[in-house]
Number of protein chains: 2
Amino acid sequence: MVDSKTQDKRDDILDVAEKLFSEKGFEAISIREISKAAEINIAMVSYYFGSKEKLYEEVVNRKLISSEMIIKYIEQHETYTNKLFAIVDMFINKFFERRDFQNIIFREMAMNQRTGMAELITNRLHQNFSVIQDVIENGIKHKEFKKVDVELTVMTIIGVVKTYTTSCSIACRVLKIDDPEKVYDDKYKKRLKKHLKELLVTHLEIKL
Amino acid sequence: MVDSKTQDKRDDILDVAEKLFSEKGFEAISIREISKAAEINIAMVSYYFGSKEKLYEEVVNRKLISSEMIIKYIEQHETYTNKLFAIVDMFINKFFERRDFQNIIFREMAMNQRTGMAELITNRLHQNFSVIQDVIENGIKHKEFKKVDVELTVMTIIGVVKTYTTSCSIACRVLKIDDPEKVYDDKYKKRLKKHLKELLVTHLEIKL
DNA sequence: CAAATTTAATTAAACGTTTGTTTAATTTGC
DNA sequence: GCAAATTAAACAAACGTTTAATTAAATTTG
């Protein structure tokens with residue numbers, strides 16, 4: 001069994017690494033910076049994780065949303081409309097609370113480096129996207145939604161949320177927000193949810 | 001006056017650097033890699049551009065879309081609907097032909113490093129977004145569009161295109177495309193344009 | 001117009017840093 | 001007293017940049 005105190009230390013390092021990696025990227029952050037921020041010796045990263053790359057893999061792996069989680073989250077809702085709305089809520093919530101992490105994910109997606117890592121992420125993301133796709137497809141089949149380009153509709157949902165959370169400085173300017181931290185206020189979270197749902201209501205011709 | 005042969009060499013280096021930076025990011029690419037790919041001596045980068053950072057700045061600067069270009073492109077269209085459609089066409093065209101470059105831009109946006117560079121990009125992007133915003137706002141004012149959340153609608157337009165072009169591997173999986181290069185086929189370009197326009201038509205309640 | 005001279009382009013080698021990782025010694029907790 | 005945790009120091013490799021020497025091109029001169 002893993003010592004709980006040791007686990008805490010590991011988690012500390014993972015948290016710090018996640019924050020730094022997300023801010024500046026994998027290559028731009030040195031083990032020395034991570035060690036300093038986590039207040040540990042440089043050698044401890046190799047000691048705990050083996051290498052910088054393996055540390056990074058663990059950072060990514062531990063926070064990926066599982067499609068099972070999404071399915072469990074939406075299965076309690078009756079109509080496809082409500083399932084879809086639940087997905088919107090969930091995704092925006094997750095993106096807002098894990099905004100640091102999302103930066104890592106989508107930066108990794110935009111590159112073809114570290115192919116193993118990219119493949120892992122692609123697989124997991126695709127699973128998540130498939131859940132959304134299924135809901136929309138079933139909604140169409142049951143005449144709850146109008147026929148649309150399902151795949152691109154999925155990308156639209158992700159695209160809006162992703163752009164909002166990963167291009168914070170642009171969001172600030174567009175929304176005329178003075179303090180970058182306010183971008184993640186509840187006020188704007190609600191506004192984003194409202195916008196995305198209205199967009200889907202008209203696009204899918206949902207009758208409320 | 002700058003020698004045209006020298007200018008060609010510079011452009012060669014800029015092209016190679018753009019490709020490599022876009023694939024793996026600024027920090028992950030060394031001057032030695034760039035030199036090798038461009039078939040020049042390592043010292044030539046410093047000689048031509050001063051430093052790696054200044055080379056990067058030039059890579060970014062020379063390909064940013066100017067808002068003047070957008071304005072000129074759309075002013076020939078009469079209705080706000082056609083202006084908006086022209087914007088959609090233009091953005092998708094630009095994103096498709098400059099997909100390498102877009103990776104750089106949005107990676108830079110997601111980070112807060114190199115603050116000077118980020119600020120430059122933010123300013124330029126914001127100008128471009130403002131043009132779209134103006135069109136939508138005026139369309140609403142002239143009753144051509146329904147009242148919507150204009151700012152988030154702008155982010156939606158950008159978000160879809162951006163997600164499509166900068167997450168190629170995900171686009172492949174979602175759209176069931178076997179060869180990554182096909183993602184940028186005309187077929188899919190048309191499909192994306194069609195989807196985005198239909199999305200806007202319903203969202204803004206445009207009567208065609 | 002060719003030779004001489006100056007300027008620009010290009011090169012290989014070396015520079016000092018910083019990188020990720022390892023080693024071997026020391027401290028800590030049980 | 002022993003194993004695990006932690007440390008400081010050292011490692012080779014790679015980094016961006018600079019240097020000083022050489023070649024190529026352009027300009028001036030006789």
Side-chain angles (χ1 to χ4, degrees), chain A residues 1-61 104 107-108 111 113-117, chain B residues 1-61 104 107-108 111 113-117:
Chain A
M1 175 207 147
V2 183
D3 182 13
S4 79
K5 207 177 168 189
T6 299
Q7 190 57 45
D8 283 354
K9 269 269 165 78
R10 278 179 62 94
D11 285 340
D12 272 359
I13 301 171
L14 286 166
D15 287 339
V16 169
E18 179 183 319
K19 189 162 188 298
L20 293 177
F21 282 146
S22 72
E23 281 168 359
K24 306 201 169 185
F26 179 76
E27 281 78 14
I29 292 294
S30 67
I31 291 194
R32 281 169 179 81
E33 286 178 85
I34 296 171
S35 315
K36 204 174 177 184
E39 294 175 316
I40 52 159
N41 187 276
I42 323 165
M44 294 308 288
V45 171
S46 295
Y47 180 77
Y48 276 129
F49 301 95
S51 69
K52 188 190 175 190
E53 191 117 4
K54 281 181 187 163
L55 164 65
Y56 186 63
E57 280 172 25
E58 251 191 76
V59 164
V60 173
N61 232 325
I104 296 182
R107 202 179 304 140
E108 210 60 33
M111 316 211 219
Q113 217 168 13
R114 288 179 290 281
T115 45
M117 178 94 295
Chain B
M1 173 206 148
V2 182
D3 182 11
S4 80
K5 205 178 167 188
T6 299
Q7 190 57 45
D8 284 353
K9 269 269 166 76
R10 278 179 61 95
D11 284 340
D12 273 359
I13 301 172
L14 286 167
D15 287 339
V16 169
E18 180 183 317
K19 188 162 188 300
L20 293 177
F21 282 147
S22 72
E23 282 169 358
K24 306 201 169 187
F26 179 76
E27 281 80 13
I29 291 295
S30 67
I31 291 193
R32 281 170 178 81
E33 288 179 83
I34 296 171
S35 314
K36 204 174 176 184
E39 294 175 315
I40 51 157
N41 189 277
I42 322 165
M44 294 309 288
V45 171
S46 294
Y47 180 77
Y48 276 129
F49 302 95
S51 69
K52 188 189 175 190
E53 189 117 7
K54 280 181 188 163
L55 164 65
Y56 186 63
E57 279 173 26
E58 252 190 76
V59 165
V60 174
N61 232 325
I104 296 182
R107 201 178 304 139
E108 210 60 34
M111 315 211 219
Q113 219 169 10
R114 287 180 290 279
T115 44
M117 179 94 296

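Residue numbers begin at 1 in each chain, while the letters A, B, ... track the order of the sequences.
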Would you say the side chain of Val45(B) lies within less than 4.5 Å of the side chain of Ile40(B), judging by non-hydrogen atoms? yes

For DNA chain D, determine which residues of residues 14-25 of chain B have any heavy atom closer than 4.0 angstrom to one of its atoms, and list them numerically. none

Looking at side-chain heavy atoms only, is the closest gap between Arg107(B) and Met111(A) below 4.5 Å? yes

If a protein heavy atom is under 4.0 Å from the base, mark B; if only from the sugar-phosphate, S; if neither, -; do that for nucleotides 14-25 of chain C going 5' to 3'. B----BBBB---

Side chains of Ile34(A) and Leu55(A), heavy atoms from C-beta outward: is any pair under 4.5 Å? yes

Ile40(B) atom CD1 is separated from dA12(C) atom P, nearest whole Å, by 12 Å

Could you tell me which residues satisfy salt bridge (charged side-chain N to carboxylate O under 4.0 Å, His left out) with Lys24(B), sequence neighbours excluded, listed by chain and number? none

When you measure from the side chain of Lys54(A) to the backbone of Tyr48(A), do you find a donor-acceptor pair of N or O atoms at a distance under 3.5 Å? no

Using the ring of each side chain (for Trp, its six-membered ring), is Phe26(A) parallel, tilted or perpendicular to Phe21(A), with breaks at 30° and 60°? tilted

A side-chain contact here means heavy atoms from C-beta on lying under 4.5 Å apart; do Glu23(B) and Leu20(B) qualify? yes

Separation of dA9(C) atom C1' from Asp12(B) atom CG, nearest Å, is 15 Å

Distance check: side-chain N/O of Tyr48(B) vs OP1/OP2 of dT10(C), anything under 4.0 Å? yes

Who are the salt bridge (charged side-chain N to carboxylate O under 4.0 Å, His left out) partners of Glu33(A), not counting sequence neighbours? none

Met44(A) atom CE is separated from dA9(D) atom C1', nearest whole Å, by 16 Å

Side-chain touch Val60(A)/Glu108(A), heavy atoms, less than 4.5 angstrom: no

Sequence neighbours excluded, which residues qualify as ring pair (Phe, Tyr, Trp, His ring centres under 6.0 Å) partners of Phe49(A)? none

Through what angle, rounded to 10 degrees, does the axis of the helix from dC1(C)-dG30(D) to dT19(C)-dA12(D) turn between its ends, using five pairs per end? 10°

